[in-house]
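Start at 1 and go down the list; that is how both ligands and their atoms are numbered. The chain is numbered in sequence order, starting from 1.
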Amino acid sequence: MLRIAVQSKGRLHDDTMSLLREADIKISETKRTLLVRARNFPVETLFLRDDDIPATVADGVADAGVVGLNELEEKGADVEIVRHLGFGACRLSLALPKDEPYDGPAWFEGKTIATSYPAILRRWLTAQGITATIHVISGSVEISTGVGLADAIFDIVSSGSTLVTNNLREVETVMQSDAVLIANKTISDEKRAVLDEMLFRFDAIRNAETKKYILLNAPQDKVHEITALLPGVKSPTVMPLAETGWCSVHTVIDEERFWEIIGKLKAAGAQGILVMDIEKIII
Ligand code: PRT
Ligand code: ZN
């Protein structure tokens, strides 16, 4: 049985639970207990505050966990980062009142900075050779400058709208973060095998996320031209249609190249183009 620490509520909870669900690991969330065992897979989830997840995994109370890289860096726990999961993307940045002139990191010399991430901030200041006072607060960091508690803030930024609302301007990005799957460094072979099976499923889901399955009809004499436009997983499948002179082409393309490729396919004579989401890809 592999025990995974998951945020009990908050920004990473839902994405973590949907990843487990898509991997067909069925965890019932109806009873809000601390420890819930999956119905069909040797995994149990331990619901915790995100602050406690790195230490819980490092101590071996949980074998694995999902936590923001920012939280892991702050806590400095000795664990293995097994995968970046892609969701919960954000950055840790320094921000100043928006009209304050800024000409580089030296601005922070002698200033007071409010944050919930003192360890990461301390490392950055040291690397820049700057001495500043760090004022640690656990929430509502963004109001610190407005109420005269600090000259600047160091906080999580995602869309940037919280900064704008509080008349702040982002001046330095110190780190990028996303949710990571972490594991205890000394888990048994048996638990490692469960973790590997889970990773295999997570990877199949992530591989599919950025891809589309496309099907189209192509005139026989244009098939070479059309398939040349399709950088598929391997090579496209080409099948004859009942109507002579036509065939059906199936392949997988990267979502980011989708519009570019579709335009070229149409121009080359492709018709009846169908585009579908893919649930999983096993490479
Ligand atoms: O209760 P618990 O301790 O478990 O939760 P928490 O309140 O400490 O954390 P939570 O749920 O807020 O965030 C968990 C993790 O989500 C963080 O550690 C990050 O890794 C990640 N994450 C991603 C974010 C954001 N995006 C985010 N936007 N965490 C917080 N924010 C906050 C930020 O603090 C700021 O107040 O959102 C605001 C900024 O957002 P924008 O979009 O206005 O820029
Ligand atoms: Zn927290």
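Remark: minimum distance from atom 1 (O) of ligand 1 to any protein heavy atom is reached at R49 NE, 3.6 Å. What sits closest to atom 10 (P) of ligand 1 on the protein, heavy atoms only, is Q7 NE2, 3.8 Å. Nearest protein heavy-atom neighbour of atom 26 (N) of ligand 1: C90 CB, 3.6 Å. For atom 2 (P) of ligand 1, the closest heavy atom belonging to the protein is D50 OD1, 3.4 Å. Among protein heavy atoms, atom 43 (O) of ligand 1 sits closest to T162 OG1, 2.5 Å. Among protein heavy atoms, the minimum distance from atom 23 (C) of ligand 1 is reached at G88 O, 3.5 Å.
Checking atom 40 (O) of ligand 1 against the protein gives a heavy-atom contact under 4.0 Å.
Between the side chain of E225 and the main chain of A268, no donor-acceptor pair closer than 3.5 Å is present. Between the R169 side chain and the A95 main chain, no donor and acceptor come within less than 3.5 Å of each other. Side-chain atoms of N217 never come within 3.5 Å of backbone atoms of W246 as a donor-acceptor pair (strictly under, hydrogens ignored). Side-chain N or O atoms of N184 include one that pairs as donor or acceptor with a backbone N or O of A58 at under 3.5 Å. With hydrogens and angles disregarded, no donor-acceptor distance shorter than 3.5 Å links the side chain of S177 to the backbone of C90. No donor-acceptor pair under 3.5 Å is formed between the side chain of H250 and the backbone N or O of L215.
Put simply, the side chain of F41 does not reach to within 4.5 Å of the side chain of L2, judged on heavy atoms.
For atom 31 (N) of ligand 1, the nearest non-hydrogen atom from the set R11, E142, R91 belongs to R11.
Counting only protein N, O or S atoms closer than 2.8 Å to the Zn ion (ligand 2) gives 2.
Environment of CD in Q220: crowded, with over 12 heavy atoms of neighbouring residues, nucleotides or ligands closer than 6.0 Å. The environment of CZ in F258 is crowded: more than 12 heavy-atom neighbours from other residues, nucleotides or ligands sit within 6.0 Å.
A donor-acceptor contact under 3.5 angstrom links the side chains of S93 and E170, judged on distance only. Counting only N and O atoms by type, the side chains of Y102 and E172 include a donor and acceptor under 3.5 Å apart. Side-chain atoms of E100 and W107 include a donor-acceptor pair closer than 3.5 Å.
Not one N or O of I156 is nearer than 3.5 Å to an N or O of ligand 1, by distance alone.
Interface atoms of ligand 1 facing G10, defined by a heavy-atom separation under 4.0 Å, are 11 (O). Proximity to D51 (heavy-atom distance under 4.0 Å) selects the following atoms of ligand 1: 3 (O), 8 (O). The G68 neighbourhood of ligand 1 comprises atoms 20 (O), with distances under 4.0 Å to a heavy atom of that residue. Atom numbering of ligand 1 starts at 1 in the shown order; those under 4.0 Å from a heavy atom of G160 are 41 (P), 42 (O), 44 (O). Contact atoms of ligand 1 toward V157: 44 (O) (distance under 4.0 Å to a heavy atom of the residue).
Note: the hydrophobic cluster containing V61 does not contain M1 (ILVMFWY, side chain heavy atoms under 4.5 Å, direct or indirect links). Both V79 and I53 belong to a common hydrophobic cluster when Ile, Leu, Val, Met, Phe, Trp and Tyr are linked at side-chain heavy-atom distances under 4.5 angstrom.
Here S159 has heavy atoms under 4.0 Å from ligand 1 in both its backbone and its side chain. Only side-chain heavy atoms of N70 come within less than 4.0 Å of ligand 1; its backbone N, CA, C and O stay farther off. Only the side chain of L12 comes within contact range of ligand 1, with a heavy atom under 4.0 Å; no backbone atom does.
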